[in-house]
Amino acid sequence: MPKARTSYVCQQCGAQSPRWVGRCPTCAEWNSMVEELVESTPAPASRRGESTAVTSMADVSLEDAPRIPSGMPELDRVLGGGFVAGSVILVGGDPGIGKSTLLLGVAGKLAEVGGKVLYVSGEESLRQIKLRASRLGLGNSPIQLLAQTRLEVVQQAIRDVTPHVAIIDSIQVMETESLTSAAGSIGQVRACAHELVKLAKPSGCVMVLVGHMTKEGYLAGPKVLEHLVDAVLQFEGDPTSGFRILRSNKNRFGATHELGVFHMTSEGLLEVSNPSEMFLSERPDAAAGCMVTVSLEGSRPLLVEIQALTAPCGLGLPRRRTTGIDSNRLSMLLAVLERRVGLRQIAQQDVFVSSLGGMRLEEPGADLGIAIAIASSLKERPAGKGDAAIGEIGLTGEVRPVANMRQRLEEARRIGFHRCFLAAGKGVPAAMDGLELIAVRNVQEAVARALGSAAVREPVAAVAGDD
Ligand SMILES: Nc1ncnc2c1ncn2[C@@H]1O[C@H](COP(=O)(O)OP(=O)(O)OP(=O)(O)O)[C@@H](O)[C@H]1O
Ligand SMILES: [Mg+2]
Ligand SMILES: [Zn+2]
C-alpha cells in the first residue's frame, strides 16, 4: 500500500507542520502536534458511497435500528435496551479493572444465543484469551477470535466475518499503516477509531472499543474519541473490592447516568440485579462515623454507606482524603460543619471520608449523609443502625430536598431502614408507613436529631467561651 500523505497538526490552533515538533511554531503550545492523514483532494461523496439525496423528516424510517440484547440485563440497562446495530461504543476503565473479562462475557452470552461475535485482542495471545475464557466457562464458545494490532487486518476480518458485534481490545494498541506515529499516540488512536466508525455504519456491525483510562480519568489522548462514538461507558470500582460499576457518560441511544452493577469473582463478572445491599457494610452494631444515604443513579435508587474518620492532625496541614466523594464538596461540607454547626475542632483534624465499595457519589443528595457521618466520627457518637439521610446542604447550612424523594424513601424502607433525615418540601412525602421521616431545616438540627443534642450543644458553648 502506498504511504498516504500525513502531516502534524496542532490540536490547539490547527497549524500544520510536515515533521513533528515539540512546540507549535504558531501558537507556542507544547506537545500539541498530532499526526493526521492529509486528503489532498477528497473523493466526491458519491464515490465514497455516501447518500447525497436530501430526505424529509417524515420519510425517515425508524425500523432499521433494531436493538441487539447483550444477554446481560445490567449492560442492556446502561445501553438503554441493548446494542443498536451499527453503533460504536467506547468502554473505558483503569488497567486491570475487568474490561476484557466483561466483554469476553458479553461475547459469550451473544454467541450463546446465536449472535456472530468477533473478539479482536491486540494485547493478549489467543492462548491467554482461551485461558480466561475457560475460567469464565466459555472455553468452547463459538466466539471468533483474532489476535492482531494492525488495523487493516482487523478491517478485513470484519468484512470477511460480518459479525453482529466486533470487540476491539483495545483501541490504543491498534495501528494503521497510513500513519508513521507510534501505536497509542493520539493520531493513531483517533485514525483507527475513525476507520472503525466508518466501517460500523454501513455494515450494521456494532463496534465495541476498549480504551484504557489513565488515573486522571482521561482516555489516552485526551477525550479524542468521545465525540466520534455513539456511547461512552465507564467501567469502574475500587480495585480492592469486588464491586464493579458500569456507567454511561454519553449515549446517543439512551439515558446517561444509568448504571449497571457487577461483582468480580473468579468465575467472572456476576450481575447484581438488586444492588442496594451491596454498598452497606455488615456491621453488627451502629458505629461512629457511619451514615447511609440513598443515591439515585439513573432510574435506580441505591443505598450507599458513607464512612468518615476524623483524627487530630498534630502539626502541619490537616489532611483530607476521599474515596468516591468529590474533595471540593468535602471542603464545603467541612466549612459548613465548622461554621454553622459549631464543630470548631474540625480545622485541626485529619478527615477521611469514603463511600462503601468506592461507589462514586456525585449528586448533592449525599451531602447530609456525609455531614452526619463526619460529625458522628468527631463526636464519637453513632447514629442509629436503621438511620438514613438524604438532602443537599447549602452554604448557610440549610438542608434542601433533592429529586425523586419518594422513590428513594421506598427503597430505604424496602431494605429495612427505620428512620430517614430529610428536608421537607415539594414532592417529599410527609409520612410513610414503616419509615419514620424526620424533617430538618438545617445541618445543625440534623446532627442534633441523629446524634443527640449534646453533639451540637457542647461545641457551640465552647465557641462562645474561646471568642
Ligand atoms: N485467576 C483469576 N481468578 C480470579 N480473578 C482473576 C483471575 N485472573 C484475573 N482475575 C481478575 O480479573 C482482573 C483483570 O481483569 P481483566 O484482564 O478483564 O481487566 P482489564 O481491564 O481488561 O485489564 P487490562 O487493562 O490489563 O486489559 C484482575 O484484576 C482480577 O481481579
Ligand atoms: Mg484487558
Ligand atoms: Zn498551535
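Keep in mind the model is a prediction, meaning the values are calculated, not measured. All residue numbers in this chain count up from 1 along the given sequence. Indexing begins at 1, ligand by ligand and atom by atom, following the structure's order.
For the pair I306/T293, a side-chain contact is recorded, criterion being any heavy-atom separation below 4.5 Å from C-beta on.
Taking any N or O of R135, backbone or side chain, at least one lies under 3.5 Å from an N or O belonging to ligand 1. Between K99 and ligand 1, an N or O atom pair is found at a separation short of 3.5 Å. Between S266 and ligand 1, no pair of N/O atoms sits closer than 3.5 Å. In terms of polar-atom proximity, S100 is counted as a contact of ligand 1, with an N or O under 3.5 Å from an N or O of the ligand.
Near P95, the atoms of ligand 1 lying under 4.0 angstrom from a non-hydrogen atom of the residue are 25 (O). Listed by number with element, the atoms of ligand 1 under 4.0 Å from a non-hydrogen atom of E123 are 27 (O). Listed by number with element, the atoms of ligand 1 under 4.0 Å from a non-hydrogen atom of M264 are 12 (O), 13 (C).
Ligand 1 is approached by G98 to a heavy-atom distance shorter than 4.0 Å. Not a single heavy atom of E124 lies less than 4.0 angstrom from ligand 1.
Within 6.0 Å of the CG atom in N140, the count of heavy atoms belonging to other residues, nucleotides or ligands does not exceed 12. No more than 12 heavy atoms of other residues, nucleotides or ligands shown are found within 6.0 angstrom of CZ on R319. The 12-atom threshold is exceeded at CD of Q128, counting heavy atoms of other residues, nucleotides or ligands nearer than 6.0 Å. Within 6.0 Å of the NE2 atom in H194, the count of heavy atoms belonging to other residues, nucleotides or ligands does not exceed 12.
E236 and R247 are joined by a salt bridge, as a carboxylate oxygen and a charged side-chain nitrogen come within less than 4.0 angstrom of each other. The residues D350 and R320 are annotated as not salt-bridged, no charged nitrogen and carboxylate oxygen being separated by less than 4.0 angstrom.
Test R132, K130, K99 against E124 for salt bridge (Lys or Arg N to Asp or Glu O under 4.0 Å) and you get one pass: R132.
For atom 13 (C) of ligand 1, the candidate residues are G92, G93, G96; the nearest heavy-atom contact is made by G96.
E152 and T176 form a side-chain donor-acceptor contact under 3.5 Å, judged by distance and modelled atom types alone. For the residue pair E35 and T6, a side-chain donor N or O sits within less than 3.5 Å of a side-chain acceptor on the partner.
Distance check for S121 against the Mg ion (ligand 2): none of its N/O/S atoms falls below 2.8 Å.
Seen from the Zn ion (ligand 3), atom SG on C24 and atom SG on C13 lie at an angle near 110° (rounded to 10 degrees). Considering the Zn ion (ligand 3) as centre, the angle to SG of C10 and to SG of C27 is 110° (10° rounding).
At the shortest separation from atom 17 (O) of ligand 1 among protein heavy atoms lies R132 NH2, 2.7 Å. The protein non-hydrogen atom at the shortest distance from atom 15 (O) of ligand 1 is T101 OG1, 3.3 Å.
For atom 2 (C) of ligand 1, the nearest protein heavy atom is under 4.0 Å away.
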